[in-house]
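Letters A, B, ... are given to chains in the order of the sequence lines, protein chains preceding strands, and every chain is numbered from 1.
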Number of protein chains: 2
Amino acid sequence: MTSAAPRPRMTRQRREILDALDLGEFRSAQAWHERLRSEGSTTGLATVYRALQSLAETGEVDAVVAESGETLYRRCEAGEEHHHHLRCRVCGKAVEIDVPDFEAYAAAIGREHGYGDIRHTIELTGVCPECAAAGDA
Amino acid sequence: MTSAAPRPRMTRQRREILDALDLGEFRSAQAWHERLRSEGSTTGLATVYRALQSLAETGEVDAVVAESGETLYRRCEAGEEHHHHLRCRVCGKAVEIDVPDFEAYAAAIGREHGYGDIRHTIELTGVCPECAAAGDA
DNA sequence: CTGCAATTGATAATCATTGTCGATAAGACG
DNA sequence: CGTCTTATCGACAATGATTATCAATTGCAG
Ligand SMILES: [Zn+2]
Ligand SMILES: [Zn+2]
Ligand SMILES: [Zn+2]
Ligand SMILES: [Zn+2]
């Protein structure tokens with residue numbers, strides 16, 4: 001039923017974005033754009049937004065909504081399953097964590113209340129050792 | 001250390017907002033404002049934003065950031081402790097849920113990775129029975 | 001009752017994100 | 001390889017939520 005997903009064209013811009021993603025932590029679309037520009041890329045901001053959104057939909061990158069409302073993106077381990085992060089509020093450095101049984105637990109709670117199509121969000125944030133030492137608290 | 005919190009003045013506007021909050025589900029600041037207006041209130045939008053923010057800081061109302069980036073507010077049970085919700089994506093109806101030991105679990109994971117000042121977010125969303133029946137899926 | 005700082009509200013300003021649209025270039029096909 | 005079709009670009013305008021301004025009010029301490 002879902003129209004055959006037409007795989008995106010491999011343009012120079014998309015390639016650059018994928019590359020940049022490889023070495024980074026959670027950053028906003030604008031931050032990724034700035035980084036690209038600082039590396040000499042001429043890719044436009046709107047293009048970065050579009051690419052990140054598309055990548056997030058296919059699960060190739062993780063997206064989290066910060067308290068400020070900005071959406072932050074990060075490249076995940078290749079072909080990785082659903083998972084969660086412990087992220088530094090200061091520098092964005094993230095660690096993937098394991099939340100055993102939570103998936104099943106969530107579904108059970110939903111059933112218990114008659115809710116269907118359950119989805120969940122678990123975000124852990126803190127201050128990493130480096131940032132704590134630097135006192136950027 | 002934290003400057004003595006000067007309790008907010010009890011103005012007509014603040015009272016109205018508190019009252020409206022009593023009977024509601026998760027709604028955006030703008031939605032709460034519209035509701036007030038429809039009830040005859042003349043309270044301004046900026047005031048609603050300010051009141052909700054202030055209430056969220058003191059924990060008198062819960063605030064969650066939707067995927068869209070909007071912040072949604074809801075009045076919680078009086079004097080309630082930290083807790084989490086199972087919320088309907090369609091109508092906003094929410095149930096408070098219990099996530100045993102997660103607080104301790106989160107702190108442990110943080111310690112394990114050297115992260116400090118751990119905070120967490122757990123949001124469960126689904127479609128409530130009524131909305132499922134109505135097929136607004 | 002007075003005086004003044006906290007609060008309000010209409011409005012302008014921000015800021016992230018999305019839409020527009022002519023120009024460009026993947027990539028299918030021959 | 002050339003062509004052709006059309007997804008994708010990018011500069012810029014538009015949107016929508018939230019915040020800042022600032023003069024006018026008004027809790028409320030004294
Ligand atoms: Zn850090
Ligand atoms: Zn999960
Ligand atoms: Zn609550
Ligand atoms: Zn519902």
Side-chain angles (χ1 to χ4, degrees), chain A residues 2-21 24 26-58 60-74 89 92, chain B residues 2-21 26-58 60-74 92:
Chain A
T2 41
S3 51
R7 40 203 83 67
R9 289 184 183 173
M10 187 50 63
T11 69
R12 170 180 57 75
Q13 295 83 338
R14 196 178 182 84
R15 207 160 16 237
E16 286 183 353
I17 294 171
L18 259 338
D19 286 348
L21 252 345
F26 277 106
R27 291 195 203 328
S28 68
Q30 309 215 55
W32 282 118
H33 177 246
E34 278 177 29
R35 163 150 311 212
L36 283 175
R37 286 305 178 101
S38 76
E39 301 293 344
S41 168
T42 65
T43 300
L45 178 57
T47 299
V48 175
Y49 269 102
R50 288 184 288 235
L52 288 174
Q53 284 170 172
S54 129
L55 289 169
E57 279 165 14
T58 67
E60 294 186 73
V61 301
D62 263 358
V64 305
V65 184
E67 292 184 29
S68 67
E70 299 177 287
T71 302
L72 308 178
Y73 300 89
R74 181 209 189 202
R89 277 195 296 279
Chain B
T2 41
S3 51
R7 41 201 85 60
R9 289 184 183 173
M10 186 49 62
T11 68
R12 170 178 59 76
Q13 295 82 337
R14 197 178 181 83
R15 206 159 18 235
E16 287 183 354
I17 294 170
L18 259 336
D19 286 347
L21 253 344
F26 277 106
R27 290 194 193 3
S28 68
Q30 310 215 56
W32 282 117
H33 177 245
E34 279 178 28
R35 163 149 311 213
L36 283 174
R37 285 305 179 101
S38 76
E39 301 294 343
S41 168
T42 65
T43 300
L45 178 58
T47 300
V48 176
Y49 269 102
R50 287 184 290 236
L52 288 174
Q53 283 171 173
S54 127
L55 289 169
E57 278 166 15
T58 66
E60 295 185 73
V61 301
D62 263 356
V64 305
V65 184
E67 290 184 29
S68 67
E70 300 178 285
T71 302
L72 308 178
Y73 300 90
R74 180 208 187 203

Is any side-chain N or O of A/T43 closer than 4.0 Å to OP1 or OP2 of D/dC9? no
Mind calculating the distance between OH (A/Y49) and C1' (D/dA11) to the nearest angstrom? 15 Å
State whether the distance check finds a donor on one side and an acceptor on the other, under 3.5 Å, for side chain B/R14 versus base D/dG27. no
Report the distance from atom CE of A/M10 to atom C1' of C/dT24, rounded to the nearest whole Å. 18 Å
Among A/T47, A/V48, A/L52, which one satisfies side-chain contact (heavy atoms from CB on, under 4.5 Å) with A/R50? A/T47
For A/R12, which contact category applies under a 4.0 Å heavy-atom criterion: base, sugar-phosphate, or nothing? sugar-phosphate
Do any N or O atoms from the side chain of B/W32 and from the backbone of B/L21 form a donor-acceptor pair under 3.5 angstrom? no
Atom pair distance, as rounded to whole Å: CZ in A/R50 and C1' in D/dA11: 11 Å
Distance below 4.0 Å between B/T11 side-chain N/O and C/dT8 OP1 or OP2: yes
Whole Å only: how far is the CG atom of A/L52 from the P atom of D/dT8? 15 Å
From D/dA20, D/dT18, C/dT17, pick the nucleotide closest to the side chain of B/A46? D/dA20
Return the value, rounded to whole Å, for the distance between atom NE2 of B/H33 and atom C1' of C/dT11. 13 Å
Proximity to the side chain of B/Q53 - top-ranked nucleotide from C/dA16, D/dT18, D/dC28: D/dT18
side-chain hydrogen bond (donor to acceptor under 3.5 Å, both in side chains) between B/E16 and B/S41, intermediate numbers included: CA-CA 8 Å; B/E16 287 183 354; B/S41 168; 2.5 Å; yes
Is the distance from OP1 or OP2 of D/dG10 to the nearest side-chain N or O of A/Q13 less than 4.0 Å? yes
When you get a sec, tell me which of C/dA10, D/dA17, C/dT7 is the closest nucleotide to the side chain of B/E70? D/dA17
Can you tell me how far CD of A/E70 sits from OG of A/S28, rounded to the nearest 0.5 angstrom? 5.0 Å
Select one nucleotide: of D/dA17, C/dT17, C/dG9, the one nearest the side-chain heavy atoms of B/T47. C/dG9
Rounded to the nearest Å, what distance is computed from the CH2 atom of residue B/W32 to the C1' atom of nucleotide D/dT18? 19 Å
Hey, which sits more toward the 5' end of DNA chain D by its nearest nucleotide, B/G69 or B/P8? B/G69
Closest-nucleotide mapping onto DNA chain C: is A/R9 or A/S28 further toward the 5' terminus? I mean the 5' end. A/S28
Counting the atoms with a prime plus P, OP1 and OP2 as sugar-phosphate, which does A/T42 contact under 4.0 Å by heavy atoms, base, sugar-phosphate, or nothing? sugar-phosphate
How long is the straight-line distance from CD of A/E34 back to CG of A/L36, given to the nearest 0.5 Å? 10.5 Å
